[in-house]
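Below you'll find the structure, written out as structure tokens, and then a few comments.
Every heavy atom of this structure was used, including side-chain atoms; hydrogens, water molecules and symmetry mates were not.
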Amino acid sequence: MMYSISNIEKTENLIIQVSQLKHRVENLENVLRNGKDVLTLEEASLYTGISRSTLYKLTSAHEIPYYKPHGKLILFERKELLAWVRANRIAAKDEDEDGA
């Protein structure tokens, strides 16, 4: 059976994507397993699913709580990130206006 080059390239791309996803999952597992209270920008991105560039823009606009202890390194407190995410909740259609 003969495979076309495009099929081989597609397979290679899928293998690369799976490898990248595996790496992201391993990093996220490490963040969760270690139970860290303070997260780096990369860890916060993995934890929230928000891209690093979006998180950086949110910090620049002061729209998300963060810390910058040495002037360059951006850190987030895990509890504050979760509170920030929860503060932006949108109610489901089937929820009462009373919240019940």
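Here NZ of Lys79 is found 12.5 Å from CG of Leu39. Values are rounded to the nearest 0.5 Å. If you take CD on Gln17 and CD1 on Ile15, they are separated by 10.5 Å, rounding to the nearest 0.5 Å. Between the NE2 atom in His23 and the CG atom in Leu46 there is a gap of 8.0 Å [rounded to 0.5 Å]. Here Leu58 contributes atom CG and Thr48 contributes atom OG1; the two are 9.0 Å apart, rounded to the nearest 0.5 Å.
Minimum interatomic distance between Ile74 and Lys68 (heavy atoms only, all atoms of both residues): CG1-CE, 4.1 Å. Between Glu63 and Trp84, the shortest heavy-atom contact is O-NE1, 2.8 Å. Nearest heavy atom pair, residue Phe76 against residue Pro65, reads CD2-O, 3.3 Å.
Between the side chain of Ser60 and the backbone N or O of Tyr56 there is at least one donor-acceptor pair closer than 3.5 Å.
The side-chain heavy atoms of Leu41 and Tyr66, taken from C-beta on, include no pair separated by under 4.5 Å.
Other members of the hydrophobic cluster containing Leu75, listed by chain and number, are Val38, Tyr67, Leu73; membership follows side-chain contacts under 4.5 Å among ILVMFWY residues, whether direct or relayed.
Note: the hydrophobic cluster containing Leu82 also contains Leu55 (ILVMFWY, side chain heavy atoms under 4.5 Å, direct or indirect links).
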